[in-house]
Amino acid sequence: MLTAGARGRAWIELDRAALEHNVRVLRGMLPERCALMPAVKANAYGHGAVLIAGALQQLGVGAFCVATAEEGAELRQAGIRGLILVLGCAGPEDASLLAEYDLTQTVASADHAAALNGGGRPLCVHIAVDTGMHRLGIPWDDVPALESVYRMDKLRVGGLYTHLTGAGDAFTRTQIARFYAAADRLRADGFSPGKTHLLGSYGIRRFPAAAGDYARPGIALYGAAEQDMPNLRPVLSLHARVTALHRLPPGEGAGYDLAFTARRETVLAAASIGYADGLPRCLGEGKGRALAEGRAVPIVGRICMDQCLLDVTDVPGIRAGTEVVFLGSSGQARITARDLAAASGTIPNEILSRLGPRLRRMWR
Ligand SMILES: *Cc1c(COP(=O)(O)O)cnc(C)c1O
């Protein structure tokens, strides 16, 4: 059996220069007073939250958003300072994590605020305002509910934010107007909204001038936005290795259900990555590709949990140990998260955030 080497059977390489570049581009798109609060939830969209947040911190980023208190705690344990905002609806069971790790919690509704306040400990919060997403947040025009949060003795309101649906310019303008109307109304009534923020990747692309004090890019920062954004570069690449080669005569089947049948004399390579690593199973049977020696090779047969089969008949020089790229580039050839998403009927965010814990993550 072949040794996997330092990188292991399947791994992720992160491009620090690309991340740095993307930070520079996004900062350049935003008004001077607006700081980045990158979304590093879901293990930084699969990239590795500690690695990404650490690199961002070195680039002067001082605010982050995560989905859960556990994600925030992980960052603190790794030495991440500054504001860490929990976007999800953490409950009383998370109170000790929030306090211990100095996390800022989203207020998702008036009831949620009351529950957080009832926890008895002082807590920093940002209030989510529902301007049309109807996911989390106090309705933008429910002034009594918004103001009630400021009166809660244990909650210190440090910010006010909303999330855009991305449904197009007209509705986005409505959401922006609703958000700032709520902030203005609070100010008029003597409450400080604190830091305001509303733009994710979509908002930065379409309405950068509407930014408040922070912007919360996720997918754009990772260089994998579905829509084109000027010169953002992919940060992540996904690699595995050829572990075995098989020469099949015409008519010979391979893999689960013998879903692959050789139509010609075929060289089949087994590669050390599967759907448990986040490679969508629906990309088997020729629907997906990988790159080996600078060439695209089809993924054939059923993708397995830990392995997959490649038809490498047309690419000479492949042997056990050859590196295979599933996301990223090899020579002139390239596969983007957008390509994988398009081929599997989803968005790049889902492809990336499902990249599994078995993958080793490292800077290139
Ligand atoms: C995930 C998330 C973001 C980042 O979204 P992208 O589209 O990846 O930029 C920003 N804000 C909130 C509230 C989110 O949940």
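Below, all heavy atoms of this structure are taken into account, side chains as well, without hydrogens, waters or symmetry copies. Read the numbers this way: they start at 1 and go in the same order the structure lists the ligands and their atoms.
Proximity of Tyr202 to ligand 1, defined as any heavy-atom pair under 4.0 Å, is not found for any part of the residue. When heavy-atom distances to ligand 1 are checked against a 4.0 Å cut-off, Arg135 comes that close only through its side chain, counted from C-beta outward. Contact annotation: for Pro217 versus ligand 1, heavy atoms closer than 4.0 Å belong to the backbone alone. The side chain of His163, and not its backbone, has at least one atom closer than 4.0 Å to an atom of ligand 1 (non-hydrogen atoms only; side chain from C-beta on). Counting heavy atoms closer than 4.0 Å to ligand 1, residue Ile219 contributes atoms from both its backbone and its side chain.
Scanning the protein for heavy atoms near atom 9 (O) of ligand 1, the closest one is Ser201 OG, 2.5 Å. Summary of contacts: the protein heavy atom closest to atom 11 (N) of ligand 1 is Arg216 NE, 2.8 Å. The closest protein non-hydrogen atom to atom 14 (C) of ligand 1 is Lys41 NZ, 2.9 Å.
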Next on the checklist: Assess the residue pair Phe191 and Val157 against the criterion (side chain to side chain contact (heavy atoms under 4.5 Å, CB included)); give the C-alpha distance rounded to whole Å, side-chain angles, the decisive distance to 0.1 Å, and a yes or no.
Outcome noted: CA-CA 10 Å; Phe191 301 97; Val157 181; over 6 Å; no
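Residue-ligand proximity, Tyr45 to ligand 1, at heavy-atom distances under 4.0 Å covers atoms 1 (C), 4 (C), 5 (O), 6 (P), 8 (O). Close contacts between ligand 1 and Ala39 involve ligand atoms 4 (C) [criterion: under 4.0 Å to a heavy atom].
Contact detail for Leu355 and Arg361: the closest heavy-atom pair is O-NH2, 3.0 Å.
Between Tyr222 and Tyr45, the ring-plane angle classifies as tilted under the 30° and 60° cut-offs.
When only modelled atom types and interatomic distance are considered, Thr172 and Asp169 share no side-chain donor-acceptor pair under 3.5 Å. Asp111 and Ser109 form no side-chain donor-acceptor contact under 3.5 Å, judged by distance and modelled atom types alone.
At least one donor-acceptor pair closer than 3.5 Å links the side chain of Thr162 to the backbone N or O of Val129. The main-chain N or O of Gly88 is never found under 3.5 Å from a side-chain atom of Thr106 such that the two would form a donor-acceptor pair.
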